[in-house]
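Below, chains carry the letters A, B, ... as their sequence lines are ordered, and counting in each starts from 1. Since this is a predicted model, take the numbers as computed values, not measurements.
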Protein chains: 2
Amino acid sequence: MSLKELSLRLGLSQTTVSRALNGYPEVSERTRQRVMQLAREMNYRPNPSAKSLATGRTEHIGIVLPIEKNLFVEPLFGEYLAGVAQFLAESDMDVTVIPTPLSQEQKVYEQLAMSGRVDGLLISSPAVVDSRVASLAATNLPFVLHGRTQCEHPYSYCDIDNQGAFAKATRLLIELGHQRIGLINDECSLNYANDRYLGYKLALEQYGIPYDPSLCTQGGMTEEYGFNAVAQLLMHRPRPSAFLVSNMIFALGAMRALRQHGLEPGHDIALIAHDDHIPYLQADKFDPPLTTTSSPIRRAGYEITQMLHREIEMRSQNQAKQCKVLEVDLVIRGSTRIRKV
Amino acid sequence: MSLKELSLRLGLSQTTVSRALNGYPEVSERTRQRVMQLAREMNYRPNPSAKSLATGRTEHIGIVLPIEKNLFVEPLFGEYLAGVAQFLAESDMDVTVIPTPLSQEQKVYEQLAMSGRVDGLLISSPAVVDSRVASLAATNLPFVLHGRTQCEHPYSYCDIDNQGAFAKATRLLIELGHQRIGLINDECSLNYANDRYLGYKLALEQYGIPYDPSLCTQGGMTEEYGFNAVAQLLMHRPRPSAFLVSNMIFALGAMRALRQHGLEPGHDIALIAHDDHIPYLQADKFDPPLTTTSSPIRRAGYEITQMLHREIEMRSQNQAKQCKVLEVDLVIRGSTRIRKV
DNA sequence: TTGATCGTTCAAAGCGCTTTGAGTTTATGC
DNA sequence: GCATAAACTCAAAGCGCTTTGAACGATCAA
């Protein structure tokens, strides 16, 4: 069922049928109704490739997926994608996931800008200095970064206030009397992890508490790493009396380590985790319920896609970049119930 | 940089350039080299929409993502997608994720068959009787089902042997002396969960152990549900002496519940989980290491995509459907160490 | 009545590629 | 030297849509 066939049956030109279907005003209402009617009956769908070729838009946004890295395979990716999808469903677009060997990542980003495969790009998990952003900023393919990075050129981004969040959390612990606070962080080459680290350090400084680098660890997001890191820090003397962990997977491992050492979180020791709201690991369902810095990543996915959509619509008028920083709540629960004495 | 421009610079026709680039034999080697050379220098990328329009292939496979359901937002989706991506990277294809409100799911599947948006479709998490499969089987859009379902028409699928796996696991427990075995399962409306249930029941039958429906529970994949289900079953008298849980998230909750009741898995009570190999939750890193029915879902993603690819290539010759059932290993570890006396 | 205006429709060009069918050149065999 | 085949190249059509610019008839003001 093509436009041509449809227009033949209707005794109209393709022009008129196309316009009727796309809501152009120069078609009489009677004609439009006839067209729509038949289109519905025939179950007509315009061919997307033909449409793209003619309009130059694909109605697809792209996400590059590095196949070796586990970056995207994290529990967070699903939630993030769900948010992205939620927005796209509203504006009738799709997402193209572009699987790419790590070695070719840079090249793929460059090509994407030329090829017109997608109308825009979402980029995740930036490094502290991220070359992808720099090279994309030089093209005119719309993109929004999920996070921030150091880059000379301006670019649009949507990030959460990682630094503020971890400063807040650290201050809470300090005010509860903790001086030796272990930080179990994601890899600090990633900007968000680095920001969290900076927030932690900032809070210590503000209270004049000496910063001890041996209390700061970083590693890949696995339950095992959370366990090992906490277990190891528990050997330090004087022992840390509180832990700040960068995600819920770490939190699982941390809980296990603490319990194994006979320590009851919220009772003998304080624990705060960052919570991205993974549906199957809810902080308030932990035992004890976990105090968290809380920021739904699904919402971030929704918002960033909205921003990208705007970016695409406005492509011609090259307007100012959009920058959004989402606040992070500090949600106090049982795992910090006890004041250190 | 279009074909036209490229051919002008080379002083060749578009035909020749196109053929040179696409490896057709009727181009001299000298010409081909010249063409490839300039194409590389100019960083030429054929426009995908134009290519699709001309060839009728998009080089995209589709995955419909129901935006409300958490089905895809499970920890497994990322791993599965990673496997899909891994294969696609090898054959230079992309995946189109099509976000869809649950209410429109059926319609979207129908449209997909008409519209030529994708060359083929991957379908996941079938219900015991799944209408998507029935309606797709009526079209000529290639698709492969991840799992199985009851359907009159033949269709291609790739599944794991859920029934066999859970029968094996149950038999192990029985042979260790357990008679009252709790089953913490995913929703049995899903075919894979139902199969696991059938496997469990089958093994009981084989050993002449009476089946007690009150020992079988089903629920959504959250840590909390795993916890609650086990906690509740522990109240039964006589108390179950072993648990079979359907995923690693449940296993987390189960461990927590057991410990809270003063039971040490592998010592006071036996525990087997199904393990899809989520990278951040590894069964052998649990304490004690978990006995599992083990089947990497990433591999399944790879295999099913390979099958779909074959299906697409062979579309014209309508050959027999492909059916593959992956074996599931039973990996014995510490959580079933102790023989019941 | 005339010319301008509006509302409605259309033919045709164009988007960037592949592919058909034909044309041109060069090598091969007799 | 000539016919035949092989090797190479090309012009043009076609994929299914949008969009430009023109055309047509009806309406209206002068």
Please tell me whether B:Thr16 and B:Ser13 have a donor and an acceptor in their side chains that are separated by less than 3.5 angstrom.
yes
Those residues at least two apart in sequence (or on a different chain) that pass salt bridge (Lys or Arg N to Asp or Glu O under 4.0 Å) with B:Lys324 are B:Glu303
From the list B:Asn22, B:Thr15, B:Leu21, side-chain contact (heavy atoms from CB on, under 4.5 Å) partner of B:Ser18 resolves to B:Asn22
Rounded to whole Å, the CZ-C1' distance (A:Arg34 to C:dT9) equals 12 Å
Paired with B:Ser135, the side chain to side chain donor-acceptor pair (under 3.5 Å) test is passed by just one of B:Glu110, B:His153, B:Gln106, namely B:Gln106
Taking for B:Met1 and for A:Gln14 the nucleotide of DNA chain C with the nearest heavy atom, the one nearer the 5' end belongs to A:Gln14
Applying a 4.0 Å non-hydrogen cut-off, can you work out what A:Gly11 is touching in the nucleic acid: base, sugar-phosphate, or nothing? sugar-phosphate
Between B:Gln37 and B:Gln33, does any side-chain donor sit less than 3.5 Å from a side-chain acceptor? no
Between the side chains of B:Gln14 and B:Ser7, does any donor sit under 3.5 Å from an acceptor?
no
Answer with yes or no after comparing the ring centroid distance for B:Phe87 and B:His309 against a 6.0 Å cut-off, counting only values under it. yes
Angle separating the five-pair end axes of the helix from C:dT1-D:dA30 to C:dC30-D:dG1, nearest 10°, is 50°
Sub-3.5 Å donor-acceptor pair from the side chain of B:Arg32 to the main-chain atoms of B:Tyr24, do we have one?
yes
Judged by modelled atom types alone, do B:Thr31 and B:Ser28 share a side-chain donor-acceptor pair under 3.5 Å?
yes
Classify the ring geometry of B:His60 against A:His60: parallel below 30°, tilted from 30° to 60°, perpendicular beyond 60°. perpendicular
Contacts of A:Asp119 meeting salt bridge (Lys or Arg N to Asp or Glu O under 4.0 Å) (sequence neighbours excluded), chain-then-number -> A:Arg57
Span of DNA chain D engaged by chain A, first through last nucleotide within the 4.0 Å heavy-atom cut-off, is D:dG16 to D:dG21
Tell me yes or no: between the side chains of B:Tyr302 and B:Glu90, is some donor less than 3.5 Å from an acceptor? yes
By nearest-heavy-atom nucleotide on DNA chain D, the more 5' of A:Leu53 and B:Val27 is B:Val27
Can you check nucleotides 21-24 of chain C for protein contacts, nitrogen or oxygen pairs under 3.5 Å, and list what you find?
none

For the residue pair A:Ser49 / A:Ser52, report whether a side-chain donor-acceptor contact shorter than 3.5 Å exists. no
Expected list for residues 41-52 of chain B near DNA chain D, using heavy atoms below 4.0 Å, is none
